[in-house]
Amino acid sequence: MSTAHDLRARVRAAFDAIGAQVDLAEPGGPGLPASTPVTGEVLFTHPETTPEQTRTAIADAAQAFTTWRTTPAPVRGQLVARLGELLREHKADVATLVTVEAGKITSEALGEVQEMIDICDFAVGLSRQLYGRTIASERPGHRLMENWHPLGVVGVITAFNFPVAVWAWNTAVALVCGDTVVWKPSELTPLTAIACQALIERAASDVGAPAHLSRLVLGGREVGEALVDDPRVALVSATGSVRMGRQVGPRVAERFGRVLLELGGNNAAVVTPSADLDLAVRGIVFSAAGTAGQRCTTLRRLIAHTSVVDTLVERITAAYRSLPIGDPAAEGTLVGPLIHETAYRDMVRALERARNDGGEVIGGERVHVGDEATEAFYVTPAVVRMPAQTEIVHNETFAPILYVLTYTTLDEAIELNNAVPQGLSSAIFTTDVREAERFLAADGSDCGIANVNIGTSGAEIGGAFGGEKQTGGGRESGSDSWKAYMRRATNTVNYSSELPLAQGVHFG
Ligand code: NAD
C-alpha cells in the first residue's frame, strides 16, 4: 500500500520530469491543500490564485487572442501537435498524478492521458478542416456563405473525476479554433493541472507561439465565478454537477455570454431477453464499478427484462466479489478509492434511502485498505434491487451504486430509461436488430449517448460528447463540437452591378 511519503515522492518525480516549477510546500504551509484519496491525506499545499491574478490571467488571455485569432489555423495546429508529442513523452508522469489525485487505477489513468493525446491528434487534423458552407443565393450575381471565426477567451471549469482529459478536450479544440483559454480545474486536483500547464507552456515555447494562450487559475468556486462573471470570457465551458450548472448557466446568460455545460448523468442499460449475457455482464461491471462509480457516464441503473434479471444480478454480484479493491497504483487493482469522506457519506445515505424504499442492497460496505488508510474511503460496489424507480434512483450519487429495475415490454424499458432528469448516456444489450433500432430511434433513448452492446462509459473522442436535459445540452470533443468554440458570420457578396432585394422586395 502506498504511503503519503511514497505519493509525495511520486509527485515530485513527475513534476521534475515534466519541468513543473511550482512551490509545493509540506502540509500546514500557506496556500491550498493538495490531497490524495489514496490515503486520504494532504500531501502538499500550493499557492492559490488571488482575484487580482485571475483578472490578470483573463486580461493576458484576451490580449493573446488579438494575435492568435489571425494566426492561420494550421499554424495554430502546430502548437497542439507539440502538446500531443509532450503528452506522449510524459504519459506515465501525468498518469501518476491522476492516480495520486483522483485515485484512478493505473490503466484508467493512462487511458485518460491517451484521451488527451487522441484529442490533440484530432484537433491537429481539424486545424486544416475548419470549414463553412456556401449556400445557393436567390439573387443573381450573389454569393451567400458562412465563415467561422475565433470566439475569444474560453473559460474552462473542470471536475475532479477527469482532471486532465476534459481540459484537453476543450483546450486542444479551442486553440486550433483561434481561441485562448483560462482553466479553473477542480480544487481537488490542482497538481495534475499544474503539470498540464507546464506542458502547454513548454509546447508554446517550443513552437514559438505567443505567451498566455492558455492560463491556469487555482482555487475553488469563487475563482470559477470570476470566469463566469467576466464579460471578456466569451465562452464558459463548465463540467461538473447539475448543482454547479444551475448556478453557472443563468449567470453567464445574464451577461449574454456563451455557455457549454457538461453536467451529471444518471445512465441506464437495458438488457433484453435476447442479450448476449456474457457480453452484458462484462460491459455492466466495467461501467458500474470502474473508476469506483465516479464517471459522469457510470452505469447507475440496470433495466433488466424479468426473464434475465435473476441470472444477471447473480453474475454481477459474483463478479463484484472478485474485484480487487485497493491502492490504485498497485498492479491488479480494479477499484480505487472514493474521492473523499463526503462522497462516502453520500453513498451511505443513498443506500439507506434505497433500503427505506424497499431496496435490497448487496455490497456497498467500507473496506479498510492498508494500515494508514483510516482517512481514505474504499468501498465494495453496491447492487440494489429496487421495487420501483423511486426518487433516490433519480439522483446521481457519485459512487458505485447500481440500481436494478425490471421491465416486461421494451416500451416500458425505454420509459424507465428516460424517466430521470439527466440525459447523458444509455445502452441496450440485445441481439435483436428491431430492439436495437427502436432504442436508437427518435422515440427511443433521450440521451446524448445511446449505445448498443457496449456499456455506458468509455466514449471515444471522435464523437461529440455530452447529454440532454439536466446534463446541460453541451457537446465537446469530436464531430462538429468545434462549432461551439467559434462564431459564425453569414456573408452575402454581390458581384453584379444590380441591387436586387431578397424576397422580391422593391424599394424606390
Ligand atoms: P462540482 O460541480 O463540485 O465541481 C466542478 C467544478 O465546478 C469545480 O472546478 C468547482 O470548483 C467548480 N464550481 C462549483 N461551483 C461553481 C460555481 N458556482 N461557479 C463556478 N465554478 C463552480 O463537480 P465535481 O464533484 O468536481 O465532479 C463530479 C460531477 O461532475 C458529477 O456530477 C459528474 O457527473 C460531473 N461530470 C460531468 C461530466 C460530463 O461531461 N457531463 C464529466 C465529468 C464530470
Side-chain angles (χ1 to χ4, degrees), residues 32 35 37 48-49 54 98 101-104 112 115 119 155-170 182-190 192-193 216-230 233 236-254 257 259-267 291-300 338-343 346 395-399 420-425 447-449 456-459 461 463-478 481 484:
L32 294 174
S35 309
E48 179 178 12
T49 308
T54 304
V98 172
E101 272 198 314
K104 287 194 184 185
E112 181 165 351
E115 205 168 322
I119 195 70
V156 178
I157 297 173
T158 54
F160 81 83
N161 67 322
F162 272 92
V164 291
V166 174
W167 168 72
W169 290 357
N170 281 281
V182 181
W183 179 23
K184 207 296 284 174
S186 166
E187 52 275 46
L188 300 173
T189 54
T192 48
L216 174 67
V217 290
L218 294 173
R221 174 186 165 154
E222 314 70 50
V223 179
E225 284 171 346
L227 294 181
V228 165
D229 291 334
D230 197 308
V233 178
V236 176
S237 173
T239 300
S241 57
V242 170
R243 181 190 48 74
M244 177 274 282
R246 231 187 260 293
Q247 292 159 357
V248 167
R251 280 174 78 148
V252 179
E254 177 71 27
V259 75
L260 194 170
L261 296 176
E262 295 284 357
L263 309 175
N266 191 351
N267 317 296
T291 330
Q294 299 168 107
R295 287 192 186 211
C296 50
T297 50
T298 288
L299 178 62
R300 307 202 179 278
L338 294 177
I339 190 70
H340 46 34
E341 182 171 358
T342 309
D346 287 348
N395 292 340
E396 180 200 45
T397 301
F398 219 54
V420 294
Q422 311 84 350
L424 181 54
S425 187
C447 296
I449 297 168
T456 51
S457 63
I461 61 91
F465 182 90
E468 302 302 331
K469 302 192 289 184
Q470 287 188 5
T471 304
R475 290 296 185 277
E476 280 176 5
S477 194
S481 304

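Remember, it's 1-based here, ligands and their atoms both numbered in the order they're listed. Small disclaimer: the values here were computed from a predicted structure and weren't measured.
Val236 has its side chain within reach of Val248: a pair of non-hydrogen atoms, C-beta onward, lies under 4.5 Å apart. Between Phe398 and Ile339, the closest side-chain pair of non-hydrogen atoms is not below 4.5 Å.
A salt bridge links Lys184 with Glu187: at least one charged nitrogen is closer than 4.0 Å to a carboxylate oxygen.
Note: an N/O pair closer than 3.5 Å links Glu187 and ligand 1 by distance alone. At least one N/O-N/O distance between Thr158 and ligand 1 falls below 3.5 Å.
Checked by atom type and distance alone, the side chain of Thr291 never pairs as donor or acceptor with a backbone atom of Gln294 at under 3.5 Å. Thr397 contributes no side-chain N or O that, together with a main-chain N or O of Ala399, makes up a donor-acceptor pair within less than 3.5 Å. Between the side chain of Thr239 and the main chain of Thr158, no donor-acceptor pair closer than 3.5 Å is present. Between the side chain of Asn267 and the main chain of Cys296, a donor-acceptor pair closer than 3.5 Å is present. Although no hydrogens or angles enter the test, the distance criterion places no donor-acceptor pair under 3.5 Å between the side chain of Lys469 and the main chain of Cys447.
Distances shorter than 4.0 angstrom occur between a heavy atom of Pro185 and an atom of ligand 1. Distances from ligand 1 to the non-hydrogen atoms of Gln294 include no value under 4.0 Å.
The nearest non-hydrogen atom to atom 35 (C) of ligand 1, considering only Ala159, Gly224, Gly240, comes from Gly240. Selection from Ala102, Gly474, Ala343, Cys296 by nearest heavy atom to atom 42 (C) of ligand 1 gives Cys296.
With rounding to the nearest 0.5 angstrom, the CD atom of Glu101 is 8.5 Å from the CG atom of Leu188. Taken to the nearest 0.5 Å, the CG atom of Asn266 stands 12.0 Å off from the OG1 atom of Thr297. Separation of atoms CD (Glu468) and CD (Gln422) is listed at 13.0 Å; rounding is to 0.5 Å.
Each of the atoms 15 (N), 17 (C), 18 (N) of ligand 1 lies under 4.0 Å from some heavy atom of Gln247. Close contacts of ligand 1 with Phe398, meaning ligand atoms under 4.0 Å from a residue heavy atom, involve 28 (C), 31 (C), 33 (C), 34 (O). Short contacts between ligand 1 and Leu263, defined as distances under 4.0 Å to a heavy atom of the residue, involve ligand atoms 37 (C), 39 (C), 41 (N). The ligand atoms of ligand 1 that sit less than 4.0 angstrom from a heavy atom of Lys184 are 8 (C), 9 (O), 10 (C), 11 (O). For ligand 1, the atoms sitting less than 4.0 Å from at least one non-hydrogen atom of Glu225 are 18 (N), 19 (N), 20 (C), numbered in the order shown with element in parentheses.
For atom 40 (O) of ligand 1, the closest heavy atom belonging to the protein is Phe465 CE2, 3.1 Å. The protein atom (non-hydrogen) at minimum distance from atom 32 (O) of ligand 1 is Glu396 OE1, 2.6 Å. Nearest non-hydrogen protein atom to atom 12 (C) of ligand 1 is Ile157 CG2, 3.6 Å. Annotation: atom 2 (O) of ligand 1 to nearest protein heavy atom, Ser241 OG, 2.6 Å. Given atom 24 (P) of ligand 1, the protein heavy atom at minimum distance is Phe160 CD2, 3.8 Å. The protein atom (non-hydrogen) at minimum distance from atom 5 (C) of ligand 1 is Thr239 O, 3.5 Å. Of all protein heavy atoms, the one lying nearest to atom 3 (O) of ligand 1 is Arg243 NH2, 3.3 Å. Here the heavy atom of the protein found nearest to atom 14 (C) of ligand 1 is Met244 CG, 3.4 Å.
Under 4.0 Å from ligand 1, the heavy atoms of Asn161 that appear belong solely to its side chain.
Pro163 approaches Trp183 most closely through the heavy-atom pair O-CZ2, 3.4 Å.
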